[in-house]
Amino acid sequence: MNKYDPSAIEKKWQAIWEENNTFAASNDTDKPKFYALVEFPYPSGQGLHVGHPRSYTALDVVARKRRLQGYNVLYPMGWDAFGLPTENFAIKNHIHPEIVTKNNIARFKAQLQSLGLSFDWTREVNTTDPSYYKWTQWIFLKLFECGLAYKKEMAVNWCTSCKCVLANEEVVGGVCERCGGEVIHKVKSQWMLKITEYAQRLIDDLDLVDYPERVRAQQIHWIGRSTGAQVRFATTAGEDVEIYTTRPDTLFGATYMVMSPEHPLVETWAGRLSNLDAVRAYQEAAARKSDFERTEIAKDKTGVMLEGVRAINPVNGKEIPIFLSDYVLVSYGTGAIMAVPGHDTRDWEFAKKFGLPIVEVVKGGDVEKEAFTDCATGVMVNSGFLDGLSVDEAKKKIVEWLAKQGIGETKVNYKLRDWVFARQRYWGEPIPIVHCDKCGFVPVPESELPITLPKVDSYEPLESGESPLAAATDWVNTTCPHCGGPAKRETDTMPQWAGSSWYFLRYCDPHNDKAPASKEALEYWLPVDWYNGGMEHTTLHLLYSRFWHKFLYDIGVVPTPEPYAKRTSHGMILGENGEKMSKSRGNVVNPDEIVKEYGADTLRVYEMFIGDFEKAAPWSSSSIRGSRRFLERVWALQDAVVPGDGIRTGLEIPFNKTIRKVGEDIETLKYNTAIAAMMALLNDLSAAGGVTREEYRILLILLNPFAPHMTEELWEIMGYPGQIAQAQWPSFDPDKCREDTVEIAVQINGKLRARVTIPADADAAAAIAAAKADEKVAQAMEGMAVVKELYVPGKLVNIVVKTA
RNA sequence: GCCGGUGUGAUGGAAUUGGCAGACGUGACGGACUCAAAAUCCGUUGGUAGCGAUACCGUGCCGGUUCGAGUCCGGCCACCGGCACCA
């Protein structure tokens, strides 16, 4: 036997797989299809991290197993390569981002290939390739055509460090998700996508797919549907103010009104406000606050009263004051609320601070001490025709009343905002729109796509807040496709999330130059059967791509309403100290070094064995040795082949059980116990003094998805026909998964007293008799009266006794 | 505050969904091989008491249901992730 030398074996088989395109998927076959997908990486300068292979290996195991089971498997890989880090690196080092990207991709690809992942490299995609982003631009044009892409002057999140706008999803805790820079509000004209149009379907269609509860819940929460009422309040100024509330039942308790500082009626009323200076000052102060400041000082309420205009509560005709306060957001509901301090915590705090009246309209708490917000138990009081009703009854009745008066109706609101779809940076897809003074925004004709990025001297963001593309005047100045007059190109680029919103479609037919992918290819492959990725993308990429897919479904481009039939999510791999791996903490493990020291197969087995796949797990440099030992022992079996055909009698049950368990566990994310089962089987084989050829063959196939290189090599050494990648996954016989006799537990009053071995098919009477025959049991029962006897087949006997 | 999740040996984690808690690894300890070490192989390893068979205790805490609870129910606590002035 040769020494187990992973570096030689792995290189050998990787070359063979590449040469033969072993893992290329066919678009034309009778086999059932299986589309496995992992999130394609952003090829950063740092190279691969040990976190990446956890996800990639997991679905590689599934993909390899499904191939052995006779499926036509598509398991593709590509590069999500547009984005800021590349651009920043390019700026700093004066290298074109295209070159930076090319280098990073080469490094990533070599690393992925060294792990023996069975990707179909003939379908590799790259979002920065003009032949790819041609179709990203094409989808944008379709969105524009359907009115779902529009440009709007509005306050947007502006990262002061990236000098770029951000989507709401990219602002985390008031700072930039990517760089941690301060985020302020800036009024800019921006391209937007109407994701809000799909809010309800993005919630409802979660019922069509198999997602983990945490993903579902996070998406639903992010979309933030609420049902309430929109109510028009008359004012002493003449104009009505419309408010949104989820508690219309508390209308009698509305003792004042609050509008957001940006509310347009303030301008309308400017002439009648006696304290206009104070109002203006408050508006300016609110505008200056960054998101970060807003969240930091969240609970301290500020505001100013509009002196000169009052609102009229429609239920009782009372005049109530109107305030401006930044605790009311322009962007949600109508930008104005009725304040019910007795039953809303924020209104209560505001009322206390400004000395406003608090009226109790739902009985059940003490509104002088705190707002009473419980809807389930309260009873209406001080509310005229609502008195005595429950909150739910009152809601129904008041909405009916408002409708009859013509001043209000039921209204559904979402927290989801439209998607800010423009970035003032160089390294992204140009937005294919031309600005013409005469014709307005004119889409570039499809025939002119792709609009490629021009060469520019500097990719530095401009201080003016414009994209660096604005400096490429030759490129910017063009003619209007509509009237032929002089016009300018849009200089903003698309956000990083654009290319990844449809990449899984491109894999189906990656070289098509007539469409994102052919109808036939999409009909065949969609939906993605299993998509694994990180939790951090739940309200970003995962939501965005569902939105784009639904849009493409509506215009007949894709055949399914949802892109991904099943989504799973892996836990992070932490540093050895239990903290998140990062350069600054000095706890980063480089997969290249692990491959060098132990081999890719060991890394793969270890990452699958490390723990519960869905949970975070700390790296352990001593534990990984266990995975290597396991492989070494399997390797050594080649010298322990014993004569005999098939599976030896005593090993039939362990083999059948292991085949069943490994197969099931791979499908249910329990990779750790699948490996444990194979280790246990190996222990059985050692105890049996070796393996037969057939036993070894089966073990190698079971292990192949996890350790593909070593099992191929052993397959060849043992002289089994062909390559193991073309072998057939073993089947099991359910009858041979059970022993003839079983050891059962015997309990007296639920306490374990003995173990007895009985035939597996023994009936209750026989099992109980066998239990009673045991010496210890008899002893424990002496002088006791039997109350009850139970037998759980194959598990235990429990005899309930009491003192006689 | 709201939503989702987790809590089991020294340690990563198992437990067929209400039925023998701790599979499989790692580490540690003891032994074999070796001049020696590494590697490898064998054994022990939840706690307490006992030479021992054995007994009692033990899955974050308190209580409940049940013949029987890591698993179900009620009430807490801690940690992780997400959202957060969304009316």
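As the structure is a computational prediction, the values presented were derived from the model and not from experiment. Both backbone and side-chain heavy atoms feed into the values below; hydrogens, waters and symmetry mates do not. By convention in this document, chain letters (A, B, ...) are assigned in the order of the sequence lines, proteins followed by strands, and residues within each chain are numbered from 1.
- Distances shown here put a side-chain N or O of A:Tyr332 below 4.0 Å from the OP1 or OP2 atom of B:rA87.
- Between B:rU26 and B:rU17, the two P atoms lie 29 Å apart (nearest whole Å).
- A gap of 30 Å separates the P atoms of B:rA53 and B:rC41, to the nearest Å.
- Ion pairing between a basic and an acidic side chain is recognised when a charged N comes within 4.0 Å of a carboxylate O; A:Glu409 and A:Arg232 show such pairing.
- A side-chain donor-acceptor contact under 3.5 Å links A:Tyr244 and A:Ser226.
- For B:rA32 and B:rA38, the P atoms lie 14 Å apart once the distance is rounded to whole Å.
- Taking 4.0 angstrom as the limit, A:Asn683 places a side-chain polar atom (N or O) nearer than this to OP1 or OP2 of B:rG25.
- One C1' atom belongs to B:rU66, the other to B:rU71, and the distance between them is 13 Å to the nearest Å.
- Rounded to a whole angstrom, the distance from the C1' atom of B:rA21 to that of B:rG68 is 14 Å.
- Atom P of nucleotide B:rC67 and atom CD1 of A:Ile744 are separated by 20 Å, given to the nearest angstrom.
- Between A:Tyr544 and A:Trp497, the ring planes lie tilted relative to each other; the angle falls in the 30° to 60° range.
- A:Arg753 comes within contact range of the sugar-phosphate backbone alone, with a heavy-atom separation under 4.0 Å but no base atom that close.
- Residue A:Leu790 is in base contact, counting any heavy-atom pair closer than 4.0 Å across all strands shown.
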Atom pairs, N/O to N/O, protein against nucleotides 43-46 of chain B, distance under 3.5 Å?
none

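- Within the structure, side chain to side chain donor-acceptor pair (under 3.5 Å) contacts touching residues 663-676 of chain A (residues at least two apart or in different chains) are A:Lys65-A:Glu667, A:Arg66-A:Glu667, A:Lys661-A:Asp665, A:Asp665-A:Thr673.
- Ring geometry for A:His537 against A:His541 counts as perpendicular: the plane angle is over 60°, on a 0 to 90° scale with 30° as the lower cut.
- B:rA14 and B:rG9 have their P atoms separated by 14 Å, given to the nearest Å.
- Contacts of A:Ser620 with the nucleic acid, taken as non-hydrogen atoms under 4.0 Å apart, are absent.
- A distance of about 15 Å separates the C1' atoms of B:rA69 and B:rG74, rounded to the whole Å.
- Taken residue by residue, residues 766-777 of chain A places heavy atoms nearer than 4.0 Å to RNA chain B at A:Lys776.
- Using a 4.0 Å cut-off, no side-chain N or O of A:Asn413 falls inside it from OP1 or OP2 of B:rA87.
- With A:Gln747 contributing its side chain and A:Leu796 its backbone, the two residues share no donor-acceptor pair below 3.5 Å.
- Here A:Lys670 reaches the OP1 or OP2 of B:rA15: one of its side-chain N or O atoms lies under 4.0 Å away.
- Using a 4.0 Å cut-off between charged side-chain N and carboxylate O, A:Glu39 and A:Arg567 make a salt bridge.
- Legend: residues meeting side-chain hydrogen bond (donor to acceptor under 3.5 Å, both in side chains) with A:Gln779, ordered by chain and number and at least two apart, are absent.
- Residue A:Gln747 is classed as a base contact, given a heavy-atom separation below 4.0 Å to a base.
- If you check every strand for non-hydrogen atoms under 4.0 Å, A:Lys751 touches sugar and phosphate atoms only.
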Sort me out a list of protein N/O and nucleotides 37-39 of chain B N/O pairs below 3.5 Å, or just none if empty.
unit_1 : atom_1 : unit_2   : atom_2 : d
B:rA39 : OP1    : A:Arg625 : NH2    : 3.2

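- Across the C1' atoms, B:rA15 and B:rU8 are found 10 Å apart, a figure rounded to whole Å.
- Salt-bridge annotation for A:Arg216 and A:Asp207: present, with a side-chain N of the basic residue lying under 4.0 Å from a carboxylate O of the acidic one.
- Dashed line: the shortest gap from a side-chain N or O of A:Ser226 to OP1 or OP2 of B:rA87 is under 4.0 Å.
- The base of B:rC83 does not come close enough to the side chain of A:Lys415 for any donor and acceptor atom to sit less than 3.5 Å apart.
- Under 4.0 Å is where a charged nitrogen must lie from a carboxylate oxygen, and between A:Lys353 and A:Glu349 no such pair does.
- Formation of a donor-acceptor pair under 3.5 Å by the A:Arg738 side chain with backbone atoms of A:Ala760 is not found in this model.
- Secondary-structure annotation of RNA chain B gives the stems B:1-7 with B:77-83, B:10-12 with B:24-26, B:27-32 with B:40-45, B:46-49 with B:54-57, B:60-64 with B:72-76, with a stem taken as at least 3 successive Watson-Crick or G-U pairs whose two distances both fall under 3.5 Å.
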